[in-house]
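Ligands are counted one by one from 1 in listed order, and the atoms in each one are counted from 1 as well.
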Amino acid sequence: MATTVIRNADLVIAWDATEKQHLYLTDAEVAYRDGQITFVGRGYDGPADEVIDGKGMMVMPGLVNIHCHPSSEPMNKGLIDEIGSPGLYNSSLYEYMPIFRADAEAVPSCVRVALSELLLSGVTTVADLSMAHPGWLDLLGESGMRVCIAPMFRSARWATKNGHTVEYAWDEAAGEKSMTEAFSLIERAEQHPSGRLFGMVVPAQIDTCSETLLRESFQEATKKNLSWQIHAAQSVHEFHEITRRSGFTPIGWLDSMDLLSERSIIGHGIFLDDHPRTKWHTENDLDRLAATGTTVAHCPTVFARRGIAMRSFGRYRKRGVNMGVGTDTYPHNMLDELRLVSYLARTQSEDPRSLTSTDLFDAATIGGATALNRDDIGRLAPGCRADFVMVDVTHPQMRPSRDPMRSLIYAAGDRAIRSVHVDGQAVVRDGKVLTMDYEGAAAHLDEAQKRIIARAPQQDWAHRPVDKISPPTFRWA
Ligand SMILES: [Zn+2]
């Protein structure tokens with residue numbers, strides 16, 4: 001078995017297992033064998049079959065993205081960037097999301113585009129929350145990424161016939177069937193020859209799943225020791241839908257069923273009982289999340305587009321909630337997402353001290369790893385997977401270099417990333433994805449989007465042309 005050594009790295013973001021935190025380690029070396037890290041430190045004198053020059057580089061753990069929809073979101077670019085239903089508290093979920101869905105032919109290109117963009121921004125592990133589609137496992141295998149496959153299932157579909165009420169078409173038997181299929185897909189993922197796929201249980205949304213489906217899926221996740229994620233507290237409409245049905249807030253209802261736990265992940269957990277837009281009579285939801293060890297998957301971009309924000313990341317963290325970060329939508333750029341997490345947290349709390357870059361990087365690494373029930377990713381330490389990113393600290397936008405992590409998040413972004421490695425294998429080098437045809441897939445999406453645009457008016461309740469639903473930035477002359 002060959003050992004690879006990164007020699008003389010200017011800097012390694014190393015994991016201090018005693019203090020349970022990342023630290024800056026200068027002039028350091030990282031060694032790995034068979035996809036697993038064997039050494040992080042100074043003065044390595046073990047075997048070295050292959051050497052990578054670390055001069056001018058910062059070696060950091062690959063980022064962990066716990067909430068993403070690669071099979072659908074890339075299609076929305078240019079369509080739903082600036083729209084939210086005025087009659088549904090500016091959410092885009094009920095009126096617009098269903099009418100711009102990628103068709104079967106476009107799905108593989110969507111996946112390749114999203115995963116390529118994630119790799120380019122330093123993500124090595126992603127949770128792919130999608131409806132099951134043909135060839136899914138092999139597509140994920142091809143990407144070279146570590147993927148938590150998260151097949152979504154539900155008992156109801158939502159739709160609006162007027163832009164201000166949401167109707168649910170229930171089919172509990174179909175929900176049960178697709179849950180069973182999700183479990184068998186997860187089993188097949190775990191046996192995939194790539195060895196990099198694992199699974200998560202995802203009843204899609206709190207308002208589309210029956211109580212039985214929620215309870216059964218959680219029981220099964222517990223039995224199989226898998227993480228369990230659900231979209232909840234993601235719109236004002238959904239908040240009040242659940243209060244009307246159950247008398248509880250969305251978070252309160254999950255708690256009443258004992259579905260909040262260390263294996264539970266709430267995407268997106270914004271509309272708690274004390275969020276100013278919900279005006280509820282209690283203030284318990286944040287404590288419920290913290291007390292049960294539940295993770296919140298925070299994805300600010302897709303909400304910020306519609307003027308919606310969590311109140312606030314720093315407050316959740318200080319209360320003791322485990323926080324993870326996801327990109328949810330394009331640009332599928334985790335470093336851009338982190339920068340937005342930080343600025344929104346500070347503007348929402350009106351406090352520059354509310355969120356540090358330490359909290360931020362933790363959420364994108366160990367916070368996410370904890371949520372995915374993995375202690376071998378999101379950190380660089382012996383025994384962990386060799387999932388790492390090499391950042392050029394000599395890039396002009398990384399200088400001055402007093403605090404390289406801040407230079408990366410607040411200035412250079414993905415421009416300073418030189419290579420990305422999963423299980424020690426290079427998947428990105430010099431701004432190029434090595435495993436997938438990113439450019440080809442992106443060109444294919446351009447064609448596919450024309451079909452979606454032509455079809456959308458038939459799906460829209462008011463049969464509006466797309467230019468009326470989503471007016472372009474400028475008039476096309
Ligand atoms: Zn989502």
*So, Ser470 versus Asp467: side-chain donor-acceptor pair below 3.5 Å or not?*
no
*asked:* Can you tell me if, anywhere in His67, an N/O/S atom lies at a distance from the Zn ion (ligand 1) that is smaller than 2.8 Å?
replied: yes
*Is the distance between the Zn ion (ligand 1) and the nearest N/O/S atom of His231 smaller than 2.8 Å?*
yes
*Between His421 and Phe388, how do the two ring planes meet: parallel, tilted or perpendicular, split at 30° and 60°?*
parallel
*asked:* What I want to find out is whether Lys161 reaches Glu167 closely enough, with some N-O distance under 4.0 Å, to be called a salt bridge.
replied: yes
_Ring-face cation of Arg288 near Phe248 (centre distance under 6.0 Å, axis angle within 45°)_ = no
*Specify which N/O/S atom of Asp328 comes nearest to the Zn ion (ligand 1), by atom name.*
OD2
